[in-house]
Protein chains: 4
Amino acid sequence: MTSADQSTPPQPPARRARRADAERNRAAIIEAAGVVFAEQGCAVDVREIARRSGVGMGTLYRHFPTKDDLLATVMEREFTSWLTAAHEAAAATEDPWEALTGFFEQTLDNQAHNRALVETYTATGAPARECARHRDAFIDELRIRCVDAGLLRDGVTTADLVLLSTSLSQAVQAADDSRPGQWRRLLRISLDGLSSRNTEPLPESAPHAGAAT
Amino acid sequence: MTSADQSTPPQPPARRARRADAERNRAAIIEAAGVVFAEQGCAVDVREIARRSGVGMGTLYRHFPTKDDLLATVMEREFTSWLTAAHEAAAATEDPWEALTGFFEQTLDNQAHNRALVETYTATGAPARECARHRDAFIDELRIRCVDAGLLRDGVTTADLVLLSTSLSQAVQAADDSRPGQWRRLLRISLDGLSSRNTEPLPESAPHAGAAT
Amino acid sequence: MTSADQSTPPQPPARRARRADAERNRAAIIEAAGVVFAEQGCAVDVREIARRSGVGMGTLYRHFPTKDDLLATVMEREFTSWLTAAHEAAAATEDPWEALTGFFEQTLDNQAHNRALVETYTATGAPARECARHRDAFIDELRIRCVDAGLLRDGVTTADLVLLSTSLSQAVQAADDSRPGQWRRLLRISLDGLSSRNTEPLPESAPHAGAAT
Amino acid sequence: MTSADQSTPPQPPARRARRADAERNRAAIIEAAGVVFAEQGCAVDVREIARRSGVGMGTLYRHFPTKDDLLATVMEREFTSWLTAAHEAAAATEDPWEALTGFFEQTLDNQAHNRALVETYTATGAPARECARHRDAFIDELRIRCVDAGLLRDGVTTADLVLLSTSLSQAVQAADDSRPGQWRRLLRISLDGLSSRNTEPLPESAPHAGAAT
DNA sequence: TATGAATGAGATTTCATTCAT
DNA sequence: GATGAATGAAATCTCATTCAT
């Protein structure tokens with residue numbers, strides 16, 4: 001800051017340096033926003049995020065033109081990293097049913113303490129269309145594996161499983177403070193209801209909006 | 001006050017007169033607030049409610065000294081009327097399992113399109129302690145009836161059923177726009193998981209905060 | 001209210017009765033307002049006064065078209081009754097100096113616990129011109145008695161005495177909670193400064209606005 | 001920070017830059033608030049202050065999170081600068097009695113046209129405990145100087161002098177519009193009553209709340 | 001480019017006064 | 001004439017976003 005400033009030429013300041021700095025800022029913002037959104041939900045004051053990121057408001061808004069953009073970015077990242085981990089875990093699990101179970105556990109573990117995640121999950125069903133598609137595709141895989149192994153109840157759709165994960169996420173959110181771990185019981189109950197031991201047909205759901213098996 | 005009232009309908013108006021109007025306003029406010037809260041959640045502008053009630057801000061605040069008071073009143077009313085209806089339905093249903101099923105259906109039907117109701121349900125588990133107690137007591141009855149009839153899976157607690165209802169409520173909220181009625185499938189799955197056909201024990205939940213049953 | 005109502009002809013309802021009722025209401029309002037203003041100052045909610053009067057807002061506003069009218073009326077009454085009492089006391093006191101002293105004591109005793117009175121006293125120097133004139137005339141009498149008896153310091157004007165009473169009133173208001181009775185010391189000090197033992201001349205005050213002696 | 005500053009005026013700006021502007025705004029707000037509070041008392045609309053400062057509401061509230069904070073800051077500043085000046089004047093005055101007199105004059109000169117200052121002075125005896133302590137300590141010094149010189153009436157306490165200053169402040173407030181400068185006469189009277197020429201003992205004040213001296 | 005101060009529309013709440021019954 | 005519910009213009013305070021430095 002003192003003697004160094006005087007010696008380094010001010011004009012060609014290695015654009016990479018800027019980039020790196022900017023990137024670091026961006027990362028810091030996302031990181032901080034992730035924590036803050038998780039703790040306090042989507043409605044937090046943007047300044048809280050700036051403060052925890054260690055950057056100014058201007059910087060924050062340079063990277064994310066809108067609070068919603070920031071939120072979307074953060075949610076998408078968390079969503080994606082969760083999906084990636086889920087993919088890996090599923091790939092490493094031989095037993096189809098265990099893979100399905102593991103997916104749910106991972107999901108809920110992940111969302112138990114993330115307020116914003118659940119809020120957005122609820123609002124739109126997913127942070128973004130793209131993410132939702134990935135998730136659906138993945139869940140579909142898990143489903144098919146179970147179906148092929150004859151483990152899944154007849155007629156259970158991907159949409160059912162998606163809805164179940166949404167549903168349980170929120171239960172976890174709501175209850176984990178007062179009764180930590182209780183959601184595992186609920187998960188078990190639901191999964192048992194999904195098993196092929198249950199032979200009675202499920203009710204038809206009205207074939208309304210843009211649906212798919 | 002009893003027999004006298006029936007014989008003398010002369011002029012009981014006096015101070016009742018204005019009361020009636022006020023009562024109508026109060027009702028209008030609650031009505032409008034119910035609609036608005038349901039549509040847009042707890043965070044709506046109070047003025048929107050005043051506008052839709054057809055009353056001024058002052059009137060609204062005369063009846064409900066705080067936005068939260070209004071919200072609480074509305075939620076409590078909806079909660080209570082739901083519980084009452086549920087009671088009646090359960091009393092009229094002989095079969096314990098059908099009673100349980102009916103309770104869940106009624107609950108979800110009721111909450112499918114009420115954003116504020118789900119928001120408060122999530123936040124506190126219920127509009128108010130008192131309401132929650134009633135609900136828990138009622139669910140407990142339903143549970144016991146099923147247990148006595150040997151229909152309920154071993155080890156299922158009232159807390160489990162409460163959590164399930166919370167969980168499903170939110171799923172309904174999230175999904176009913178795009179897939180109306182799909183929740184019935186999820187409900188079926190969950191209930192099947194609750195039946196005594198499932199004999200494997202449920203995982204213990206950490207006996208943390210103020211638990212019961 | 002019961003049998004009596006039926007026997008008395010409803011048309012010519014003895015206008016006196018109304019009058020009497022209205023008068024009673026008016027008195028109740030003034031009474032309650034006096035208490036409330038004294039306790040909480042001029043800025044109280046009008047409804048508090050209506051409540052304590054036992055009358056409705058409409059009645060209150062029928063008698064006093066404005067909050068300020070009510071305040072003025074109340075202040076004037078208290079001011080007047082204080083002046084009347086002061087007159088009587090002064091008339092009953094032979095010694096001029098004692099009369100002056102007694103006047104101040106009475107004044108301060110009276111205002112020690114009346115917030116609104118001091119507030120208005122401060123604001124305008126008096127509740128109303130008329131009242132102020134009476135007060136000034138009376139204080140002038142007291143002054144002249146002392147002057148004639150050679151007891152009052154040379155050059156002390158009525159305005160000086162008025163200002164002194166204002167000044168002390170507020171001191172009483174401010175301090176009487178924490179140090180009840182301390183004002184008597186201050187009064188003594190001031191009065192000693194007023195005695196003819198003090199021979200040095202007082203500074204001239206700028207002969208500004210509409211002044212008199 | 002001392003000698004270095006004088007030699008190197010290169011670029012100490014950096015983060016000071018914006019600070020300076022903010023500081024100017026803060027000063028403008030305090031300045032404007034001082035004027036407005038003085039003119040109209042504590043109850044003014046905050047927006048009036050914002051308007052006169054030339055800043056938006058947000059800026060005002062960034063600097064002072066509450067109207068009361070702003071008021072307290074302003075009052076404290078005025079109180080403190082007054083005390084400082086009083087200290088200096090007293091230190092520069094040899095004669096104890098003249099020092100005491102000068103203190104009162106300065107005080108009243110200062111408060112003659114400041115409504116808010118008198119209002120808070122009345123309400124709490126001072127803008128804040130801390131300030132009051134300083135004032136009391138200072139007045140105590142003045143008192144002791146007079147006592148040591150045998151100039152002060154026997155038994156006069158610091159509390160008496162404090163109350164006197166409060167009392168006169170308000171008198172000034174009330175009367176200075178119509179009779180500017182009249183307070184000097186009242187001050188003279190009171191001070192004469194405080195001189196050791198008066199030998200009669202002062203009445204005891206009830207030894208109530210937290211008293212001293 | 002980064003900073004964080006500034007902005008100002010809007011949210012909640014109060015209260016003097018009016019008006020339907 | 002009495003009642004007290006209704007009114008709505010303020011007043012305080014918040015926060016997403018912009019902008020001067």
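Convention: sequence-line order gives letters A, B, ...; per-chain numbering from 1.
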Rounded distance in Å - CD (D:Gln40) to P (F:dA11): 11 Å
Donor-acceptor under 3.5 Å (D:Thr120 side chain, D:Ala116 main chain): yes
Pairing pattern in dot-bracket form [Watson-Crick, G-U; both distances under 3.5 Å; | = partner strand] for DNA chain F: .||||||||||||||||||||
Nucleotide F:dT17, atom C1' - distance to CG of A:Leu60 in whole Å: 11 Å
Closest to side chain of A:Thr59, choosing from E:dA2, E:dT17, F:dT3: E:dA2
Atom-pair distance (CZ on D:Arg47; P on E:dG8), nearest Å: 14 Å
Donor-acceptor pair, side chain of A:Glu119 and main chain of A:Gly41, under 3.5 angstrom: no
Interatomic distance, B:Arg47 atom CZ to B:Leu60 atom CG [nearest 0.5 angstrom]: 12.0 Å
Interatomic distance, B:Asp45 CG vs E:dT13 P [rounded to whole Å]: 11 Å
Steps toward side chain to side chain contact (heavy atoms under 4.5 Å, CB included) verdict (D:Val46, D:Tyr61): CA-CA 10 Å; D:Val46 183; D:Tyr61 273 88; 3.8 Å; yes
Position toward the 5' end of DNA chain E (nearest nucleotide), B:Asp68 or C:Val44: B:Asp68
Residue closer to the 5' end of DNA chain F, C:Val55 versus B:Val55 (nearest nucleotide): C:Val55
Rounded interatomic separation in angstrom, taking CG from B:Asp21 and P from F:dT7: 10 Å
Charged N-O contact under 4.0 Å between D:Glu31 and D:Arg26: no
Residue mapping more 5' on DNA chain F - nearest nucleotide basis, A:Val46 or D:Met57: D:Met57
Minimum side-chain heavy-atom gap A:Arg52-A:Glu39 below 4.5 Å: yes
Length of the OH-P vector between B:Tyr61 and F:dA10, whole Å: 18 Å
Distance below 4.0 Å between C:Asn25 side-chain N/O and F:dG1 OP1 or OP2: no
C:Phe37 side chain reached by C:Ile49 side chain, heavy atoms, under 4.5 Å: yes
Atom-pair distance (CD1 on A:Ile49; P on F:dC15), nearest Å: 13 Å
Separation of atom CG in D:Leu70 from atom C1' in F:dT12, rounded to whole Å: 13 Å
